Amino acid sequence: MSGIAFTDVTRAFERKGGAFQALEPVTLHVPDGEFVAIVGPSGCGKTTLLRLAAGLDHPTTGSVMVGGRAVTGPGPDRAVVFQQFALLPWKTVRQNIGFGLKCRGMSDAEARPLVERYLATMRLEGHGDSYPHQLSGGMQQRVAIARSFILEPEVLLMDEPFGALDAQTRIEMQEELIRLTAGQRRTVLFITHSVEEATYLADRVVVMAGRPGSVREIVDVASLRKAERWAERPVEEVMELDSFIRIRTRLWRLLRSAGAHRDDAATHTLPIAS
Amino acid sequence: MAAASPLHRSLLGAPVIGGAAVVGFLIAWWVSAKSFDPMRIPQPGDVWDAAVQLATTGYAGGTLAQHTLQSIMLAFMGFAVAAGTALPIGLAMGMSRSAEAVFGPIVAFIRPIPPLAWIPLAIIWFGLGDGAKIFVIWFTAFVPTLINTFTGVRTVDPTIIAAARVHGAGPRRMLLDVILPGAAPLIFSGLRVSLQASWMALVAAELIGAFFGLGRVLMTAAQDIFPGMIVVAMAAVAVCGATMTWLLGVVERRCLPWLKVTP
């Protein structure tokens, strides 16, 4: 089975006074080329799921497969974009984008044309020799996305990648991501707090419930997106569509009834709608 | 009170205040030297004469250049040995729990021993030669660099480490591109403390027993009751220590270019 396959995955953490169950058995399949967003309250285990797929963590029971192979650690078939960008502060934008290529043993001369291409794709021309702290948050996250995309991974894992950005930058980045994934079809697992973001970006939205984390429901968006050509329209226009609002509202209800921590969900999703 | 005008503020800038303080200090020195026993407080002129004597004919077995060179060489060698051992051990302790388990107790034992308490052992083992000084400096300068390297490695942002891992960094790239640069600011502040400690330990060791060096000049001048020479030697120690610390700062800025660039 290609894509990402979680089968009966649980994860328990050792805590003082016993184990803490972060995930109860979760089974979830993200087929090849599909964009799946996971929404859910803080502590529902969505980041744990992503770390398991990345190979940064191991399940207590169950199996995690990517591209038909069991995940035993980080691998070149997967790349991760983090909320806090996680760029190397001591490397320039060029060096950060080319970091993974260098790790694969590619020489600077070989990597150069690829790095230049991604500088252009991510609209970072003129910033190649800057250090990350000299860039805005949005630009830093574009560097991080370029660092992942340049490796052409089968699977892209994104952990609230736009969560640290202001509302306007966030919308720009969402459009950018649509443009990028339209150009190069990729399997994407996208964690977010924002119901709007999930609805706009994903083919399917997985709603998780918390403590212990479990899949509550999976909502299909792909057919609507195709029929109404969301990808070709600006975000604000899509967000006004009745179909968009219906799905968003449905996701909201699901989150609430999932026993989601209401305050948490509210603070993280409303700014986008305003 | 009204705020000082821009002109006022620039006139009263730090260099002006600093210069005025130095002049005031020299005047106070001269006045107090006049009014007290000249055998206890040397006059500025005595210090100048002593400096000229040390620089030209020499004192305590050598000229200023010979003594200074000897001290600088020993301080640098001791510092290099200390940094060269503390860095790899600190890195190992930071990256591996088992290395921490091995070296942790040893460091905890060595740490509270005052540097000067090593001198008697150093003299028994190495005599009054260079080996004893390097030994004392080693044990004095070792701990600050070790502790800071260890702490620096442990405080590298775990998300950055995770990001490097998922983008394919193996152990070598992780060490060179992530751990070392991430720990570098703390490592350098440890090296700075170690360097100052090197000078402190060196002069102390030379005071107790040496054939050459600025500490030897100090000790001989004390026995000869020659306060002018004492001041000259102290000034030479201060200049050497400050110069080496400044040079380390130059190296640091060279090694950490990303820290000085601002938006």
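Proteins get letters first, then strands, A, B, ... in listed order; numbering begins at 1 in each. Predicted model only: the values in this text are computed from it and were never measured. When reading the values below, keep in mind they use all heavy atoms of this one structure, side chains included, and skip hydrogens, waters and symmetry mates.
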Handout entry: Residues from residues 74-91 of chain A approaching chain B under 4.5 Å (heavy atoms)
Key = A:Pro74, A:Gly75, A:Arg78, A:Ala79, A:Val80, A:Phe82, A:Ala86, A:Leu87, A:Leu88, A:Pro89, A:Trp90, A:Lys91
Problem - Of all pairs that satisfy salt bridge (Lys or Arg N to Asp or Glu O under 4.0 Å), the ones with a partner from residues 121-134 of chain A, not counting sequence neighbours - result: A:Arg94-A:Asp129, A:Arg123-A:Glu176
Exercise for the section: Answer yes or no: does atom CH2 of B:Trp138 have more than 12 heavy-atom neighbours from other residues, nucleotides or ligands under 6.0 Å? Expected result: no
Problem - Whether over 12 other heavy atoms sit under 6.0 Å from B:Phe126 CZ - result: yes
Fill in the blank from the handout: Turns out that what part of A:Ser148 lies under 4.5 Å from chain B's heavy atoms comes down to both
Handout entry: CD-CH2 distance between A:Gln134 and B:Trp258, expressed to the nearest 0.5 angstrom
Key = 13.5 Å
Exercise for the section: Using a cut-off of 6.0 Å, state whether more than 12 heavy atoms not belonging to B:Met234 lie near its atom CE. Expected result: no
Exercise for the section: Check whether more than 12 heavy atoms from other residues, nucleotides or ligands sit under 6.0 Å from atom CZ of A:Arg179, and answer yes or no. Expected result: yes
Handout entry: chain B neighbours within residues 102-122 of chain A, where any heavy atom lies under 4.5 Å away
Key = A:Lys102, A:Cys103
Problem - chain A contact residues among residues 156-180 of chain B, heavy-atom distance under 4.5 Å - result: B:Thr159, B:Ile160, B:Ala162, B:Ala163, B:Ala164, B:Arg165, B:Val166, B:His167, B:Gly168, B:Ala169, B:Arg173, B:Asp177, B:Val178
